[in-house]
Each structure stands twice: as C-alpha cells, then as structure tokens.
Amino acid sequence: MYTTAVPSRADGSFELGDIRAQAELTLENLARDLRDADSSMADILHLTIYLADIADWASFNESYVRHVPKPYPCRCAVGVAALAIPGMRVEVTALAARAG
C-alpha cells in the first residue's frame, strides 16, 4: 500500500510549529493510517521524506528513531522549496506491506 502523512490534527488543522512537533504528528498520523489499513510501522518497505529545509533532517530523525522500528526501511530525504501548506515543514510518503 502507499500512503502519505502530513502534520494534520484530528480537527483538520495543521501543526505549523517547529520541525520536531511536525515530525511527531506526521509519524503518529502515518502509524494510525497504517494500522487502519492492517499494516504497521514495522511493515514499511520504503519512505520518502520531503523537507522544506533539508537542514531539518537531524531533527526529523530524532522522531523517526522513536517511531520506526529496526531494521529501518529504505528511505530517501528530499529537500523541497515548499510544501502544499505554508509553514508545513515535512511530508512523508510510505510504501508498506499489508496483511492478507
């Protein structure tokens, strides 16, 4: 399955604070979406991480290592000029296996 996660809250608003807050919420959303589709963070095969500032890579990784179990999946990080929502600093697209 493919899915994309962003730092959105349940009420539809976006976390537009620092990268750490955005990374936490994005990865929590990714975990929820995977669970809802009979998958999990352990089933991720590949991640693409889009960062509005590639210098945020180390800060993103602080959350990543707490949410994604070893062995870590293949991933790539892409620095982009901007994301769809002004102030959004991270977006993650995942390819994951599903049960059944």
* Any side-chain heavy-atom pair from Arg66 and Leu27 closer than 4.5 angstrom? -> no
* For the hydrophobic clusters of this structure (ILVMFWY residues joined by side-chain heavy atoms under 4.5 Å, transitively), does one cluster hold both Met88 and Val80? -> yes
* Asked: Is there a side-chain contact between Leu30 and Leu47, using heavy atoms and a 4.5 Å cut-off?
  -> yes
* Asked: For Gly87, does its backbone N or O pair with a side-chain atom of Gln22 as donor and acceptor, under 3.5 Å?
  -> yes
* Asked: To the nearest 0.5 Å, how far apart are CG in Leu95 and OG in Ser39?
  -> 9.5 Å
* With rounding to the nearest 0.5 Å, note down the distance linking OG1 in Thr93 to OH in Tyr50. => 4.5 Å
* To do: Indicate yes or no: at least one non-hydrogen side-chain atom of Glu28 is less than 4.5 angstrom from one of Glu24.
  => yes
* Consider only side-chain heavy atoms of I, L, V, M, F, W and Y, link residues closer than 4.5 Å, and tell whether Ile44 and Tyr2 are in one cluster. => no
* To do: Taking the side chain as every heavy atom from C-beta outward, state whether Ile49 and Val90 have any atom pair closer than 4.5 Å.
  => yes
* Asked: Where do Asn29 and Thr26 land on the side-chain hydrogen bond (donor to acceptor under 3.5 Å, both in side chains) test, with the steps shown first?
  -> CA-CA 5 Å; Asn29 289 342; Thr26 298; 5.7 Å; no
* To do: Return the minimal non-hydrogen interatomic distance between Gly79 and Ile54, and the atom names on each side.
  => N-CD1, 3.8 Å
* Pairwise side-chain contact, Val65 with Tyr72, heavy-atom cut-off 4.5 Å (strictly under) -> yes
* Asked: So, for Ser63 and Arg20, which heavy atoms are closest and what is the spacing to 0.1 Å?
  -> OG-O, 4.0 Å
* Under a 4.5 Å side-chain heavy-atom rule over Ile, Leu, Val, Met, Phe, Trp and Tyr, are Leu45 and Met41 clustered together? -> no
* Asked: Would Phe60 end up clustered with Val78 when hydrophobic side chains under 4.5 Å apart are linked, directly or stepwise?
  -> no
* Partner of Ser59 by side-chain contact (heavy atoms from CB on, under 4.5 Å), out of Asp53, Asp18, Leu51, Ile19 -> Ile19
* Hey, is the main chain of Tyr64 close enough, under 3.5 Å, to the side chain of Asn61 for a donor-acceptor pair? -> no
* Any donor-acceptor pair under 3.5 Å from Arg75 side chain to Thr48 backbone -> no
